[in-house]
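Throughout, protein chains are lettered first and strands after them, A, B, ... in sequence-line order, and every chain is numbered starting at 1. On a predicted model such as this, the values are computed, not experimentally measured, just so you know.
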Number of protein chains: 2
Amino acid sequence: MKERLSAQERRRRIVEAAVELFSRKGFRGTRTREIAEAADISEAMIYRHFATKRELYSAIIEAKSATEELLASAATVAQRKDDAGVLRAVGLKMIEQTEADPSLMRLLLFSALEGHELSDIFFESRVKRLHEFLSNYIRKGIKEKRFRSMDPLIAARGFIGMIVHYLLIHELFGVKRPPRSSPEEVVEQFASIFLKGIER
Amino acid sequence: MKERLSAQERRRRIVEAAVELFSRKGFRGTRTREIAEAADISEAMIYRHFATKRELYSAIIEAKSATEELLASAATVAQRKDDAGVLRAVGLKMIEQTEADPSLMRLLLFSALEGHELSDIFFESRVKRLHEFLSNYIRKGIKEKRFRSMDPLIAARGFIGMIVHYLLIHELFGVKRPPRSSPEEVVEQFASIFLKGIER
DNA sequence: TGCTAACAAGTAAGCACTTACATACTTACT
DNA sequence: AGTAAGTATGTAAGTGCTTACTTGTTAGCA
């Protein structure tokens, strides 16, 4: 018999293995057998901890929806009133996090495409709140006459879109980036274009 | 017995039914049975025209990779040397096409996520060539001193990213757009920010 | 009359989930 | 402190349904 773990720790390991597989192959593309093998247990153990494969998937989405790292760090930088700094920080953080662990982006896309019931919650916690944060920042800038008059939400989505698209191209479609275009330089260019574009 | 069609016409109908299903549910999520039902034939008929489900999928990707409408219309507008006009035209065309038929975008994403072998070809024909077109346009503008010095490919991807992200949000994640933000107005705002951002 | 489009009815493999049972750890009683 | 009972963790081996693909046969058209 295999090593005996606490229910909590075993559950954690199942989730860990499942995240990797679901993010790589999607819900439908992942076999419960594979999850069991990756977690080095029998399939029955999965079903002791989760009633169905779908419930395991939902637990993962809920867990991934709960973290707040990006927004927290963005809020810190925002206090400095350095527009270029805010854009650079948000952009870089998004890229750093996604490159360090692409599973979140893939899970988000898979869950939306596969029409999972919690896809909306996932989107709201990960994307919508980021839009709102940047939108509020831009709205303030408009009021304070640093930026010209425009729809702040659309503008915010525009900037986030530049970054997201960069991530899609490189992380999903596997485009290699030439040596001269590091994330820092790309974000710098996006921030520069965008900021010059919204300033008075 | 069912109506008798030419092999060509029957094949076309199978592909038509399969496109709808693959784009909605992905390769793994689509059953050959469903395709047969949607095309109103027996499963065996699919296998008379395509050796495997995968071959049918590949045929669809190849077909969808072959059309050139967007690039052709973009090239026409580009001759006018109206920068804002070019950006608006490219952006609007992307949105119009995707809203009229979201299957292409979904197929592109699904094929990349599911790791289909032809995903690269698909990406190059639909996305990379658009990047290159806009990149060349911007490069010329830089040479002609209308735009400031920058990496034209990164800039091009930035603008495309704004539009792609708009489409992702609305077509994939189902965000409703408020009545005042029509595609025209959104594209106008993106083009305005971007153009002001890259001009000298 | 021969060729090809068409189908009904398989078939073998795959899959999510279950069952019956074994083994380790915890607890409580003497 | 020793140990038996009870409980939680674990597995091996299914079970029945689904699914990609096949086979044997029929029927429309040149």
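Counting only residues at least two apart or on different chains, the ring-ring contact (aromatic ring centres under 6.0 Å, His included) pairs with a member in residues 12-39 of chain B are B:F22-B:F27, B:F22-B:Y57, B:F27-B:Y57. Residue pairs meeting the salt bridge (charged side-chain N to carboxylate O under 4.0 Å, His left out) criterion with at least one member in residues 189-200 of chain A: none, sequence neighbours excluded.
Between the CZ atom of A:R13 and the P atom of D:dT9 there is a distance of 14 Å, given to the nearest Å. For the pair B:E37 CD and C:dC7 P, the interatomic distance rounds to 12 Å; values are reported in whole Å. Note: CG (B:D40) to P (C:dA8) measures 11 Å, nearest angstrom. A:M45 has its CE atom 4 Å from the P atom of D:dG10, to the nearest Å. Computed from coordinates, the A:F50 CZ to C:dT18 C1' distance equals 18 Å when rounded to whole Å. Between A:E9 atom CD and C:dC25 atom P there is a gap of 15 Å when expressed in whole angstrom units. Put simply, NE2 on B:H49 is 16 Å from C1' on D:dC21, counting in whole angstrom units. Put simply, CD1 on B:I35 is 13 Å from C1' on D:dC21, counting in whole angstrom units.
With sequence neighbours left out, B:Y137 forms a side-chain hydrogen bond (donor to acceptor under 3.5 Å, both in side chains) with B:D83. Taking B:Q79 as the reference, nothing meets the side-chain contact (heavy atoms from CB on, under 4.5 Å) condition, with sequence neighbours excluded. B:E69 meets the side-chain contact (heavy atoms from CB on, under 4.5 Å) test with B:K93, B:Q97; sequence neighbours excluded. Residues passing the salt bridge (Lys or Arg N to Asp or Glu O under 4.0 Å) test with B:R177 are B:E99, sequence neighbours excluded. A:Q189 meets the side-chain contact (heavy atoms from CB on, under 4.5 Å) test with A:I193, B:M150, B:D151, B:I154, B:A155; sequence neighbours excluded. For A:R12, the salt bridge (Lys or Arg N to Asp or Glu O under 4.0 Å) partners at least two apart in sequence or on another chain are A:E9. A:A44 meets the side-chain contact (heavy atoms from CB on, under 4.5 Å) test with A:S42; sequence neighbours excluded.
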Close N or O pairs between protein and nucleotides 14-16 of chain C (under 3.5 Å):
from: C:dC15; atom 1: OP1; to: A:R31; atom 2: NH1; distance (Å): 3.0
from: C:dA16; atom 1: OP1; to: A:T30; atom 2: O; distance (Å): 3.2
from: C:dA16; atom 1: OP1; to: A:K53; atom 2: NZ; distance (Å): 2.9
from: C:dA16; atom 1: OP2; to: A:T32; atom 2: N; distance (Å): 2.9
from: C:dA16; atom 1: OP2; to: A:T32; atom 2: OG1; distance (Å): 3.0

Pairs under 3.5 Å (N/O, protein and nucleotides 5-7 of chain D):
none

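Across all strands shown, A:L5 has heavy atoms under 4.0 Å from sugar-phosphate atoms exclusively, and none from any base. Residue contacts shown for B:A51 are absent, as no nucleic acid heavy atom lies under 4.0 Å away.
The bend of the helix from C:dT1-D:dA30 to C:dT30-D:dA1, defined by the angle between the axes of its first five and last five pairs, stands at 0° to the nearest 10°.
Between the side chains of B:E132 and B:S135, no donor-acceptor pair of N or O atoms lies under 3.5 Å. A side-chain donor from one of B:R126 and B:T67 sits under 3.5 Å from a side-chain acceptor of the other.
Proximity note for A:R48 (side chain, C-beta onward) versus D:dG10, C:dA6, D:dT23: the nearest is D:dG10.
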